[in-house]
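The figures that follow rest on heavy atoms only: side chains count, while hydrogens, waters and symmetry mates do not. Starting from 1, each residue takes its place in the sequence as its number. Quick caveat, the model's predicted, so the values are computed rather than measured.
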Amino acid sequence: MASLVSSPFTLPNSKVEHLSSISQKHYFLHSFLPKKTNPTFSKSPKKFQCNAIGNGLFTQTTQEVRRIVPENLKGLATVKIVYVVLEAQYQSALTAAVQTLNKNGEFASFEVVGYLVEELRDENAYKTFCKDLEDANIFIGSLIFVEELALKVKSAVEKERDRLDAVLVFPSMPEVMRLNKLGSFSMSQLGQSKSPFFQLFKKKKSSAGFSDQMLKLVRTLPKVLKYLPSDKAQDARLYILSLQFWLGGSPDNLVNFLKMVSGSYVPALKGVKMDYSDPVLYLDSGIWHPLAPCMYDDVKEYLNWYATRRDTNEKLKSSSAPVIGLVLQRSHIVTGDESHYVAVIMELEARGAKVIPIFAGGLDFSGPVERYFIDPITKKPFVNSVVSLTGFALVGGPARQDHPRAIEALTKLDVPYIVALPLVFQTTEEWLNSTLGLHPIQVALQVALPELDGGMEPIVFSGRDPRTGKSHALHKRVEQLCTRAIKWGELKRKSKAEKKLAITVFSFPPDKGNVGTAAYLNVFASIYSVLKDLKKDGYNVEGLPETSAELIEEVIHDKEAQFSSPNLNVAYKMNVREYQKLTPYATALEENWGKAPGNLNSDGENLLVYGKQYGNVFIGVQPTFGYEGDPMRLLFSKSASPHHGFAAYYSFVEKIFKADAVLHFGTHGSLEFMPGKQVGMSDACFPDSLIGNIPNVYYYAANNPSEATIAKRRSYANTISYLTPPAENAGLYKGLKQLSELIASYQSLKDSGRGPQIVSSIISTARQCNLDKDVDLPDEEKEIDAKERDLVVGKVYAKIMEIESRLLPCGLHIIGEPPTAMEAVATLVNIAALDRAEDDISSLPSILAATVGRNIEEIYRGNDNGVLRDVELLRQITEASRGAISAFVERSTNNKGQVVDNSDKLTSLLGFSINEPWIQYLSNTQFYRADREKLRVLFQFLGECLKLIVANNEVGSLKQALEGKYVEPGPGGDPIRNPKVLPTGKNIHALDPQAIPTTAALQSAKIVVERLLERQKIDNGGKYPETVALVLWGTDNIKTYGESLAQVMWMIGVRPVADTLGRVNRVEPVSLEELGRPRVDVVVNCSGVFRDLFINQMNLLDRGIKMVAELDEPEDQNFVRKHALEQAKTLGIDVREAATRVFSNASGSYSSNINLAVENSSWNDEKQLQDMYLSRKSFAFDCDAPGAGMMEKRKVFEMALSTADATFQNLDSSEISLTDVSHYFDSDPTNLVQNLRKDGKKPSAYIADTTTANAQVRTLSETVRLDARTKLLNPKWYEGMLSTGYEGVREIEKRLTNTVGWSATSGQVDNWVYEEANTTFIKDEEMLNRLMNTNPNSFRKLLQTFLEANGRGYWDTSEENIEKLKQLYSEVEDKIEGIDR
């Protein structure tokens, strides 16, 4: 087996300069070579060419390797066959069949040519395909499911369909299926006819049922049809027989298939008697082993055979051997293209594991999984883990999936489920040379869809030979896949007491006050709660301290990083020789970091592993990237490799501590963001090398599905979701509270003589609160009339209500501690505020507004315009919503505050309308006539949501993962928009990337775009912006199903078009009449995560933008065209290239690094930050050469940005706002655009806020002010944070640092924000001491940030404030270093 692939590819050695330095080293190729490295490689690394050569596509193979032209010496009639298939497994069987027929040469000579559907993207290949069809007799197509290619096949075959003798299309998209014709049998009526055959293709059928019914039909129909006299029935019978021959794909079956079709339908062979045998039928599903005498359909028979094998050792037959289940595609077995399957089976057996390899002929594997992997009597699984080698979703393959059915089967089975990948659209060499890794279509079909079933570990285990199309094993990958599958299986077999767990925490930015950073999580309290639970469960957690505070102390080495301890606790010192022995890829790190040990995580002689061991649990601190403090490295367009200390940490965990599993604790570390292919890594990719063979469990915030997906795909993580802290309304404090009291008295006294006096108090208080930046306030002295007074008060009122009702997560979440019912009220109020048309649920505000004869949308508009009556009404609606929901929650809980099972309570409540708690509450308000039926439907839904919010499965799921069980998958996202995210503790997945943007997302996007353009017209003298520079985030597009993606489409004036399977793979222009305005040009900066998850959507956008640039329209109505023509002229390139607008990082790199520079204060001036942005974000995606990956196009990027009139970002959920994370300012080009514009004008900067039902477009500075008022300066928020201790101080410091980030990239932060923060945290002695004593390291960073804001000119303040900060800085410095003065 070891020498399945022994011939290395040799290629012309041109164009090597395209390769990254890594790929020129010989270790790049060890994936697909036999175990002994071939010596020729190390000497001449120039045998590989870059995949961007040739047609710029992923698939570089050509139909010519599948063309056979017969010699035809006997002058027989020639039959020409053209076929198009998704995968290449039919190539060798068909080739063999045709060669056999030509060798026997009795009746006809056969010419054949085959195309892989992906090759048709290449214009030349497509032209040849059309030409081949012109003189073809028979066309065959199979599994054509990619819409744009399906349409190409359809238009080419349609032209020739009437002339062709036979057209046979096996399961594909309906458009292609309609091409079928055999004599009188045709499918042109597909989907409309009543016959049982056509009913199968109806859209409603679940895919699984479809393929199973199809197989049943295929078995029985020929027998029935044989006895029907009409030609029609005979033609239909031959179609079904053809399908049987095809599905049975062996060379013999295909010989008879070609004889049958040619003999029956090719006119030149009329009257020639061509005998053919019936199809050899294989089992529809069963168990197959390459050494077994036959296929089995009974698992007991198979295991009996296994026990009698002579070629294995006793160990493999013993009952204690691990058992791994494999899922295979029957077509690979019958066509003889199964060497990659054999390699996996042999490797598993060589490692001492028994194997049960099952297969199915259709696309539904759920039945066989239940039939062959579960013992029918005990209902226990026969296997310890399962690996699917098909790459497809468990039910439905590439067509229509049925995920609930798959999850049901896998839950019954309850073992880890791995979905490995055979290369489908690329040859081995194309994949190795691609920086993207897997072909985007394969990522959509074979990575994203299996994730929805709970599949994990997308490891590429087999490649494809460009000549024969056959699959071959990639040995290094097969070894890793098999080892990992056995390791996951071992978790099911080992006792809890002997299992070893390595908990990994993060420290970012690197500072002792930051150990245990994770989004929304109180990390040490959570670890402590998890370990207590594991200890109770029988795990060995010896020496666990009494409290979580002591746990921090022991890991950080000294109480809360306080005195005289510069270092963390050292768990292990690894000398260089040991490090090199344990870390085979160590030499690959030297290019970036020099020889080991280097100066990171080292004492000059040894590499240091930080952490602390408790029995069989190790808590370790993951090293950081290592270059965050080096401004020069931050400028590199591609990220550096991990440093030696980083590699040593994972070598320690796997090979010295010998962990059975690693638990990465919280969102997020740097392992999954290390350089390498985006998806489908080779073993030269760093995340793959680092994680090695350790099963990886990862706690990830439920609201961050995009980065969780990166962790799944690049670090092979089983991601388990945790809840974000319960949300509360921001409330009002200090001057804002005073304002609300003044407004209340104005409303009761406005018609008395005191009205004007109160208004002038309102105006002066609003000024003190710095609201004059947000609301246009008149002078206090100025006389204003009653109408204008109402308007001023209305606007101030609307502003403070906006602040009061803003949702914020309070405190930090502790894993395993769900919120109490009352803590869930604010979340439920927001869930109730959204209409859910698809479930016929009306929002509570709209139900309440209707009772007073108003439409809620009108009230929102009036409120935004400061109409006092509407502002007041909206406040009453909001209060009534909160009251009704609180009343409902109180009634649903017991006196301990726990939710009692609502179902029976709700039924009794719903029976007596008068007793319904929400009706009781509303009966005392003006909304007492609210529609009871609508309320009942809504509260039934809220009752379900309440149960989900307080459910607690975070520790339960972790235990399931550690016991080698299946963790149920669930979507990640915003629980308010999509309550299906709850309960947490699910294996998070994103969504099918081809499903976005949805129609609803397009509707929401239109509203936001129109508001944005209106707002910009007001600020820009009535002119539309010509260009908007904006950002696309991965998580936002998952949560909103593609709203921001749809915004870009609507700006340029195109709309997405879904295919018959509901997938979006095309766009079409919207006419200027319908658009009613010019097309606005865009510069799209995609985050690295968006690029990884939605490369197909980048392709779609690029196609859309280029399509618009080529429309023949006036330039003042099409700014995309206007700018593309100017740029094409200046740069001397064609218009399509000049219309490049979709940019991101280089493959395998993430972020502009501005965030790292700001967090670590490692930047000199703003120009340096702008250079980072330009050098790292100027990589473009090109729909005309998708295989080339991300290509640097800095000139086009700069020119496009220089036309921007506005910059724009979206906020889509209440948990993450502008200063909560550094990503937002890291992607903000506001100051950069000003420097690039010829007129030096600063662009307007806008933020769309769709966190509530009333979507807003605000300026960036308004949003920063709102953020500061509701978070950083809000006692409710900072007291909530400080209640969590050590971590809370860091959260406060982080918000201030991120505010400085906004000053640096946009200059949109007001001076008073820094001034008020200084008053709150530094001038208040009591507060100052709390911060200093709780986490001195983070407090020092806070002081440093204040001083830096002043030093860089962002904060103008008094000398004494600066002196005090300097003095405090030296005090805390001494304290940390342990000097007592």
Suppose we screen for salt bridge (charged side-chain N to carboxylate O under 4.0 Å, His left out). Which residues come up paired with [X], at least two apart in sequence or across chains?
X	result
Lys1242	none
Glu1371	none
Glu1325	Lys1364
Glu1262	Arg1015

Side chain of [X], backbone of [Y]: donor and acceptor closer than 3.5 Å?
X	Y	result
Glu1287	Val523	yes
Glu1316	Trp1312	no
Glu804	Asn729	no
Thr1284	Met1281	yes

Determine, for [X] against [Y], whether the closest basic-nitrogen to carboxylate-oxygen distance falls under 4.0 angstrom.
X	Y	answer
Glu802	Arg1258	yes
Arg1269	Asp774	yes
Glu1293	Arg1290	no
Asp1310	Lys773	no
Arg806	Asp1249	yes

So Glu1315 and Asn1361, side chain to side chain contact (heavy atoms under 4.5 Å, CB included) or not? Walk me through it. CA-CA 9 Å; Glu1315 197 61 45; Asn1361 278 346; 3.3 Å; yes
Go through it in stages, so that I can follow the logic: the residues are Leu1343 and Ile1322, the test is side chain to side chain contact (heavy atoms under 4.5 Å, CB included), and I'd like the CA-CA distance, side-chain angles, deciding distance and then a yes or no. CA-CA 9 Å; Leu1343 296 170; Ile1322 308 297; 3.8 Å; yes
Answer yes if the side chains of [X] and [Y] hold a donor-acceptor pair under 3.5 Å, and no otherwise.
X	Y	value
Ser1303	Tyr1314	yes
Asp1171	Gln1168	no
Asp1228	Thr1230	yes
Lys1323	Asn1318	no
Asn522	Ser526	no
Asn1085	Tyr1173	yes
Ser529	Glu817	no
Ser1222	Glu1159	yes
Thr765	Gln738	no
Ser1306	Asn1231	no

For the residue pair [X] and [Y], does the interplanar ring angle fall in the parallel (under 30°), tilted (30 to 60°) or perpendicular (over 60°) class?
X	Y	result
Trp1355	Phe1346	tilted
Phe618	Tyr649	tilted
Tyr572	Phe652	tilted

How about [X] and [Y]: are their ring centres within less than 6.0 Å of each other?
X	Y	result
Phe665	Tyr698	no
Tyr1224	Trp1033	yes
His644	Trp593	no
Phe646	Phe686	no

Restricting to side-chain hydrogen bond (donor to acceptor under 3.5 Å, both in side chains), what partner residues turn up for Asp1267, sequence neighbours left out? Ser1217, Thr1219
Report the residues that fulfil side-chain hydrogen bond (donor to acceptor under 3.5 Å, both in side chains) with Gln1170, sequence neighbours left out, ordered by chain and then residue number. Asn1235
Candidate pair Trp1277 and Glu728, rule side chain to side chain contact (heavy atoms under 4.5 Å, CB included), full reasoning: CA-CA 9 Å; Trp1277 181 82; Glu728 289 184 37; over 6 Å; no
